[in-house]
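It should be emphasised that the depicted structure is a prediction, and the values quoted were computed from it without experimental measurement. Chain naming here is simple, since letters A, B, ... match the order of the sequence lines and numbering starts at 1 in each.
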Amino acid sequence: MALSDSADVASFSTPLPRGFYDRDTLEVAQDLLGCQLVRRVEGELIAATIVETEAYRGATDSACHAHRRKTPRTEAMFGPPGHAYVYLVYGMHWLLNIVTQPEGNPCAVLVRAVEPCLNEDAMRRARVARNRELSNGPGKLTRALSIDKALYGEDMTRADKLWVAQGPTPQRVATGPRVGIDYASPADRDAPWRLWIADNPWVSKAR
DNA sequence: TAAATGATGTCCT
DNA sequence: GGACATCATTTAG
């Protein structure tokens, strides 16, 4: 399953087009599973398979940061699809989202876990807690891929610093409620909008 | 201006 | 299984 030869590296260089993200958020969250999250930093190319996502569905979703109004923080979500919405939680962890739906409809997909695919070494070096699990959680993977505020609003349809490339469709996808959103209304809290590749060991552990 | 609070991870017992 | 770190953003006054 691990990809390492040069032909596979070449396949990482084509980003998914904007049209991929300009769709229903739940569909995008599902279709991102199995795709490669690709990062270029300091001349190194890093790639990891997306194995867990969550859909945040705009004004009608009380768990979505943008459900009330547009604020400076959530501005990227109101913009065109295919851009990064990066923000800080708990005063210390950066989380990566990819904006979906047409401009003005503030939706995004949170990337919750990835499986190292190319240059796992660089990911390991970027982690502070080097002996902890590498990227099976939304805050861990941003640390492993050096993703922070500097990538806020980044256009992920260009092969520049951060993008997503096509990958194999997973055999089986599992769903469940999203994590850490107790503040949301019951219907939104219970909605099965967390998706992951069934039986994949890199999926985050439920809290 | 002030106060409350997280789309979490790590370490400790 | 639980404590705690740590601060930008939001909301209230």
Side-chain angles (χ1 to χ4, degrees), chain A residues 21 24-26 28-30 32-33 37 48 50-79 81 83-101 105-116 120 123-154 156 162 164 174-197 201-207:
Chain A
Y21 302 103
D24 177 82
T25 308
L26 198 56
V28 176
Q30 165 143 354
L32 278 172
L33 296 174
L37 182 62
I50 298 173
V51 300
E52 182 182 353
T53 59
E54 281 178 4
Y56 285 86
R57 311 183 79 180
T60 61
D61 177 4
S62 63
C64 182
H65 287 162
H67 93 102
R68 278 182 191 282
R69 78 192 102 260
K70 184 169 164 178
T71 65
R73 178 179 63 157
T74 59
E75 192 175 355
M77 267 202 278
F78 288 82
H83 289 255
Y85 165 50
V86 180
Y87 79 99
L88 189 68
V89 261
Y90 298 113
M92 59 194 97
H93 305 297
W94 295 101
L95 267 58
L96 171 68
N97 300 251
I98 310 176
V99 177
T100 61
Q101 303 276 44
N105 186 355
C107 301
V109 173
L110 169 69
V111 181
R112 281 196 59 88
V114 299
E115 174 175 352
E120 174 172 346
M123 294 175 66
R124 185 73 61 185
R125 287 197 306 272
R127 290 275 281 142
V128 175
R130 272 176 85 173
N131 293 327
R132 290 267 159 222
E133 295 189 88
L134 185 55
S135 58
N136 62 336
K140 297 178 197 175
L141 76 90
T142 54
R143 199 53 153 124
L145 295 173
S146 302
I147 293 168
D148 61 16
K149 184 99 182 166
L151 290 169
Y152 184 92
E154 180 79 2
M156 296 180 65
L162 181 68
V164 180
T175 68
R178 294 171 291 178
V179 177
I181 54 159
D182 290 347
Y183 56 84
S185 71
D188 293 328
R189 214 177 43 215
D190 301 339
W193 295 344
R194 171 179 174 230
L195 301 91
W196 64 93
I197 298 180
W202 290 87
V203 170
S204 72
K205 293 162 182 65
R207 224 168 154 71

Sugar-phosphate, base or nothing in reach of A:Ile181, heavy atoms under 4.0 Å: sugar-phosphate

Distance below 4.0 Å between A:Tyr90 side-chain N/O and B:dG6 OP1 or OP2: no

Among B:dT10, C:dA8, B:dA7, the nucleotide that comes nearest once only the side chain of A:Tyr85 is considered: B:dA7

Rounded distance in Å - CG (A:Asn97) to C1' (B:dT8): 14 Å

Over 12 foreign heavy atoms within 6.0 Å of CZ, A:Arg143: no

Interatomic distance where CZ belongs to A:Arg57 and P belongs to B:dA7 [whole Å]: 19 Å

A:Leu134 backbone acceptor or donor facing A:Arg127 side chain under 3.5 Å: yes

Side-chain N or O of A:Arg143 closer than 4.0 Å to phosphate OP1/OP2 of B:dT8: no

Sugar-phosphate only, base, or nothing, as touched by A:Arg127 at under 4.0 Å among non-hydrogen atoms: sugar-phosphate

Under-4.0 Å side-chain N/O to phosphate OP1/OP2 contact, A:Arg69 with C:dT10: no

Residue whose nearest DNA chain B nucleotide is more 5′ - A:Arg132 or A:Tyr56: A:Tyr56

Out of C:dT9, C:dA5, B:dT10, whichever nucleotide has its closest atom nearest the side chain of A:Lys140: B:dT10

Identity of whatever pairs with C:dT6 - Watson-Crick or G-U, under 3.5 angstrom: none

Separation of B:dA7 P from A:His65 NE2 (nearest whole Å): 4 Å

Rounded distance [0.5 Å steps], CD1 in A:Ile181 versus OG in A:Ser62: 7.5 Å

Atom-pair distance (CG on A:Leu88; P on C:dT10), nearest Å: 12 Å

Watson-Crick/G-U partner (both atom distances under 3.5 Å) of C:dG1: B:dC12

Whole-Å gap separating P (B:dA7) and CD1 (A:Ile98): 19 Å

Distance, rounded to the nearest Å, where A:Leu134 contributes CG and B:dG9 contributes P: 12 Å

Out of B:dC11, B:dG9, C:dT10, whichever nucleotide has its closest atom nearest the side chain of A:His93: B:dG9

Nucleotide B:dT10, atom P - distance to CG of A:Asn136 in whole Å: 9 Å

Minimum-distance nucleotide (side-chain atoms of A:Val89 versus C:dT10, C:dT9, B:dG6): B:dG6

A:Leu26 side, atom CG; A:Arg57 side, atom CZ - distance, nearest 0.5 Å: 4.5 Å

Beyond-backbone contact of A:Leu151 with A:Trp94, side-chain heavy atoms, under 4.5 angstrom: no

Whole angstrom value for the distance that separates P of B:dA7 from CG of A:Asp188: 14 Å

Side-chain donor/acceptor of A:Tyr152 to backbone N/O of A:Arg73, under 3.5 Å: yes

Touch class at under 4.0 angstrom, heavy-atom based, for A:Arg178 against every strand present: nothing

Phosphate OP1/OP2 of C:dT9: any A:Lys70 side-chain N/O under 4.0 Å: no

